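For reference, the structure is listed below as structure tokens.
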Amino acid sequence: MDAIEAVLSPVEIGGVALRNRVVVPGHTTNFGHANLPTHRHVDYHRERARGGVGLIVTEAVRVHPTSAGRHISLGSFDDSSIPAFAAIAEAVQAEGARLFAQIMHAGRQANGDATRTVAWSASPLRWTSGAQVPRAMGRRDLDTVVDAFGAAATRMQLAGLDGLEVHLGHGHLLQQFLSPVTNRRDDEYGGSLENRMRLTRRVLETVRGATDLPVGIRISADEFLPGGLDVAQMVEVVGLLREEFPLAYVHVSHSAYHGSWSLSTQMADMSFGHAPFRHHAAAFRRALPGLPVIAVCRLDTLPEAAELVAEGDADLVALARPHIADPHLVRKVAAGRADDVRNCLACNQGCISRVEQSLPISCVVNPEVGAEGEWSAHRERAAAAPSRRVLVVGGGPAGLEAALSACRAGHTVRLVEAADRLGGQIRTAARVGGRGRLALLVDDLERAVRDAGVEVVTGHRVTPAEVVDGGWDDVVLATGSRPARRELPGGPRVVDTWTAVEIVEAEQAPTGAVLVLDDDGGWPGASLAERFARRGAQVHLVSPSAPLSPKITTYSKLALVPRLSELGVHVHLMCTPEAAGPDAVDLVEVVGGTRTRVEGVTLVVDAGSGSADDDLHRALDTLVGGGPGPRLHLAGDANSPRTALEAVYEGRLAGAVHTTVADPAPFLLALTR
């Protein structure tokens, strides 16, 4: 049996038969309303069940209002929640998958900013500087939480779910009691391992008594904290729990919810590489034979994840972000169409970054996330619409997505790119060390565009006359943007980010001092600073803003900062540059005006915001904007310089929606509901 056959083979956990060993693990979506599931959850999970997965675990279902945090999270606080969860179960089970509910209490990180509740924890220790100090739980609080776990478990059974997953990991409440880092109690719930396990035992006992559903546990194998829980201790904990309770499985994750590198591992981005923590699952499978083990985190593709099952490191594999990117990845791989899968970039941009901003999740490569029902209904309507001739100008992510979606909507499409190769700025960004997975976005799109039969022309710059005389019904202008480059008169050489990539990846990269001026706060400045430092330069990252790289999610920044520190990168916040000679720059503090001179500057990189390359659109808008001629649609950076997330989203809208209906407003409004 090869690896794919192994991972697609059936398995039973806790008496529940699964059609394969692939899991969509619990992950926050922010689709909730009043802490209840919505139609978005139903459509989202139905699509992934339809895509062939064996088991879906809900995002964390908070068992008590003190864990709610925000109204967009999910909870089961009373029986009124049962119908909403039942709707998800019915949708998932109708497609042949099984649904388990992950039940949890977040503990100290469930701050009361939105709900005006105090955070609870084992001890009054906050998770990061500036966070709310939690209240150390008293006996009545503990009884309340234990009872709440049992009540939530009962409701999940009444809703028709197939099983439960009690969350003991990710630094949530039960882990806060298990860990000596967060549990400083001197009563029967603190001190010894026996005492620190007491709350977990009570919860499992209550859950088992409240329902006859199979119960698995999710754990953090390693907290990655000094004095914290590690693999050996957690193997002991799970072993002891297994002796007392008929655990259906152990879902082996890692990390603590702590304002340090530990938290960055929970959503390991592309800087970590594939399957960086597979050894954790393997340790539990060796130590606890017979207990099904689920492996998780950065299992980027199903063929790669299948290796863990084939090699005996895990019994099941959980892929969250890859299923956000392509809900049908299991069926595609099973049908021998692995090349058709839209790859997860591990960029954290559309998923956890939006969660952090209290926005519904999306995905750079899959802009339909959270609106699966609306997009499906639109495609049905569009199938009856007449075919149109569509010209797409620009072969970056926005143009590629527009051409593909227009072709799939039944239109005749030509894509024209001025450069000799498709991919746009993503090709440039992906050349920077550590950012290579970005190229998967345009690789997948280019392959799909060519396979779909789109006419592709490269090395040609479109003129306004060609558009006007071409007889096109619709023209999508995805011409991208130009990078910023602001001179420092009398100072060192200044280059834009595109040129900086050429320089830093050249055989002889510059030494001496390199200044990266970043008033945008995204990945271009941060990744170039890191790369120049790795090539031997003394890097100064300069920003006029107070926070470092504010557009990068905390989950990635907590890994970025230690890397910059280890490389000796100097960070100057709330500073602006002034030339102090041909090889010197003064960094002037925004508050107070104190100057710090940097000597020996060999290069300055301007990583500021660029400008839209919209000349063609302006010319066409003058020629045809108010009269006869093709309808004009802007997409991506030609609209305004932003990120690949917006580029792909706007490309899909332009190709599939704006070219199909005269007034897309009702559809766009539906996406926000």
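None of these values were measured; they are calculated from a predicted model.
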Looking at Ala106, is its backbone amide N or carbonyl O close enough to the side chain of Ser67 to form a donor-acceptor pair, meaning the two atoms are under 3.5 Å apart? yes
Determine whether Thr38 and His41 make a side-chain contact, defined as any pair of heavy atoms from C-beta on separated by less than 4.5 Å. yes
Between Arg201 and Glu194, does any NZ, NE, NH1 or NH2 come within less than 4.0 Å of an OD or OE carboxylate oxygen? yes
Quick one: pull up CD1 in Ile88 and CG in Leu74 and give me the separation to the nearest 0.5 Å. 6.5 Å
Expected output: side-chain Arg108 to main-chain Leu125 donor-acceptor under 3.5 Å: yes
Is the side chain of Asn30 donor-acceptor paired with the backbone N or O of Ile361 at a distance under 3.5 Å, no angle test? no
For Pro124 and Val133 the tightest heavy-atom approach is O-CG1, 3.7 Å
Measure the spacing between SG of Cys344 and CZ of Arg321 and express it to the nearest 0.5 Å. 5.5 Å
Got a sec, which residues hit ring-ring contact (aromatic ring centres under 6.0 Å, His included) with Tyr189, two or more places apart in sequence or on another chain? none
Smallest separation among heavy atoms of Ala221 and Met234, with atom names: O-CG, 3.7 Å
Considering only NZ, NE, NH1 and NH2 on the basic side and carboxylate oxygens on the acidic side, decide whether Arg285 and Asp313 come within less than 4.0 Å. no
Within the side chain of Gln357, is there an N or O that forms a donor-acceptor pair under 3.5 Å with the backbone of Ser353? yes
Between Thr206 and Arg202, is there a donor-acceptor pair closer than 3.5 Å when you use the side chain of the first and the backbone of the second? yes
Nearest heavy-atom neighbours spanning Leu247 and Ile217: CD1-CD1, 3.8 Å
Work out which heavy atom in Ala526 is nearest to a heavy atom in Ile552; give both atom names and the distance. CB-CD1, 3.8 Å
Val355 vs Tyr555 side-chain heavy atoms within contact, under 4.5 Å: no
Look only at the side chain of Gln109 and the backbone of Gly171, and say whether a donor-acceptor pair between them is shorter than 3.5 Å. yes
Going by atom types alone, do His572 and His540 pair a side-chain donor with an acceptor below 3.5 Å? yes
Which value, rounded to the nearest 0.5 Å, describes the distance between Thr553 atom OG1 and Asp269 atom CG? 9.0 Å
Short question: side chain of Arg155, backbone of Ser76 - any donor-acceptor pair under 3.5 Å? yes
Would you say that more than 12 heavy atoms from the other residues, nucleotides or ligands in this model lie under 6.0 Å from the NE2 of His33, or not? no
CG on Asn183 to CZ on Arg196, rounded to 0.5 Å: 7.0 Å
With no hydrogens and no angle check, is any side-chain donor or acceptor of Arg48 less than 3.5 Å from a backbone partner on His323? yes
Qualifying ring pair (Phe, Tyr, Trp, His ring centres under 6.0 Å) pairs, either residue in residues 143-167, two or more places apart: His167-His170, His167-His172
Donor-acceptor pair between Ser609 and Asp519 side chains, under 3.5 angstrom: no
Mind checking whether Tyr44 and His27 have parallel, tilted or perpendicular rings, split at 30° and 60°? perpendicular
Main-chain N/O of Ala60 paired with Glu165 side-chain donor or acceptor, under 3.5 Å: no
Gap between atom CD1 of Ile352 and atom CD1 of Ile324 - 0.5 Å precision: 9.0 Å
Counting only N and O atoms by type, is there a donor-acceptor contact under 3.5 Å from the side chain of Thr265 to the main-chain atoms of Trp261? no
My understanding is that only one of Ser255, Ser179, Ser262 makes a side-chain hydrogen bond (donor to acceptor under 3.5 Å, both in side chains) with Glu223; could you say which? Ser179
Close side-chain approach of Leu291 and Arg242, heavy atoms under 4.5 Å: yes
Side chains of Ser271 and Arg563, donor plus acceptor under 3.5 Å: yes
Taking the basic N atoms (NZ, or NE/NH1/NH2) and the acidic carboxylate oxygens, is any pair closer than 4.0 Å for Glu530 and Arg435? no
Which value, rounded to the nearest 0.5 Å, describes the distance between Thr643 atom OG1 and Glu646 atom CD? 3.5 Å
Take Arg139 and Asp187 through the test salt bridge (Lys or Arg N to Asp or Glu O under 4.0 Å) and record every step on the way to the result. CA-CA 10 Å; Arg139 294 180 184 276; Asp187 61 3; 5.4 Å; no
Kindly indicate, with the supporting measurements, whether the criterion side-chain hydrogen bond (donor to acceptor under 3.5 Å, both in side chains) is fulfilled by Ser545 and Ser543. CA-CA 5 Å; Ser545 64; Ser543 173; 2.9 Å; yes
